Amino acid sequence: MTIDITNISTEPDPSMTCSTCQACCCRLEVMMITDTGVPEEYIDIDEWGGEVMLRLDDGWCAAVDRDTLLCTIYENRPWICREFEMGSYECSIERATMPPRLPSTTK
């Protein structure tokens with residue numbers, strides 16, 4: 001059996017930058033694989049007893065600032081978040097499947 005793989009690039013898409021990021025990956029479930037210093041208030045327990053990043057009722061990671069879409073614990077973010085490369089194939093798939101959410105203009 002042969003499976004054709006197309007449109008997969010190992011190079012990040014240069015059009016996806018911090019200023020154009022919609023933080024789509026921050027709507028995914030993030031398992032805590034290693035201890036990176038994530039504050040306890042951002043950790044939840046999933047239905048199987050594993051540690052995951054807490055997500056709020058809107059489905060977004062609790063550590064994401066809703067106005068700026070920036071991570072408030074960036075220096076202590078989980079390993080999975082560190083490995084999810086902006087502009088990568090996986091990033092582009094998430095951006096394509098999730099509706100964009102623009103930062104709030106109200107404070």
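Note that this is a predicted model, so its numbers are computed, not measured. Scope of the values below: all heavy atoms of this structure, side chains included, with no hydrogens, waters or symmetry mates.
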Common cluster, Val64/Val30, ILVMFWY with side-chain heavy-atom separation under 4.5 Å: no

Residues Arg66, Asp58: salt bridge by 4.0 Å N-O rule: yes

Cluster link Met53 to Ile33, ILVMFWY, side chain under 4.5 Å: yes

ILVMFWY network linking Ile43 to Met31, side-chain heavy atoms under 4.5 angstrom: yes

Hey, can you pull the donor-acceptor pairs under 3.5 Å for the side chains in residues 76-84, sequence neighbours left out?
unit_1: Asn76; atom_1: ND2; unit_2: Thr36; atom_2: O; d: 3.3
unit_1: Arg77; atom_1: NH1; unit_2: Tyr74; atom_2: O; d: 2.7
unit_1: Arg77; atom_1: NH2; unit_2: Tyr74; atom_2: OH; d: 3.4
unit_1: Arg82; atom_1: NE; unit_2: Arg77; atom_2: O; d: 2.9
unit_1: Arg82; atom_1: NH2; unit_2: Glu75; atom_2: O; d: 2.9
unit_1: Arg82; atom_1: NH2; unit_2: Arg77; atom_2: O; d: 3.2

Non-hydrogen atoms of Glu29 and Arg55 that approach each other most closely: N-NH1, 3.8 Å

Nearest heavy-atom neighbours spanning Ile73 and Ala63: CG1-CB, 3.7 Å

Non-hydrogen atoms of Val38 and Tyr42 that approach each other most closely: CG1-CB, 3.9 Å

Approximate separation, where rounding is to 0.5 Å, of Asp65 CG and Cys71 SG: 10.0 Å

For Glu41 against Leu54, the heavy-atom pair lying closest together: O-CD2, 3.5 Å

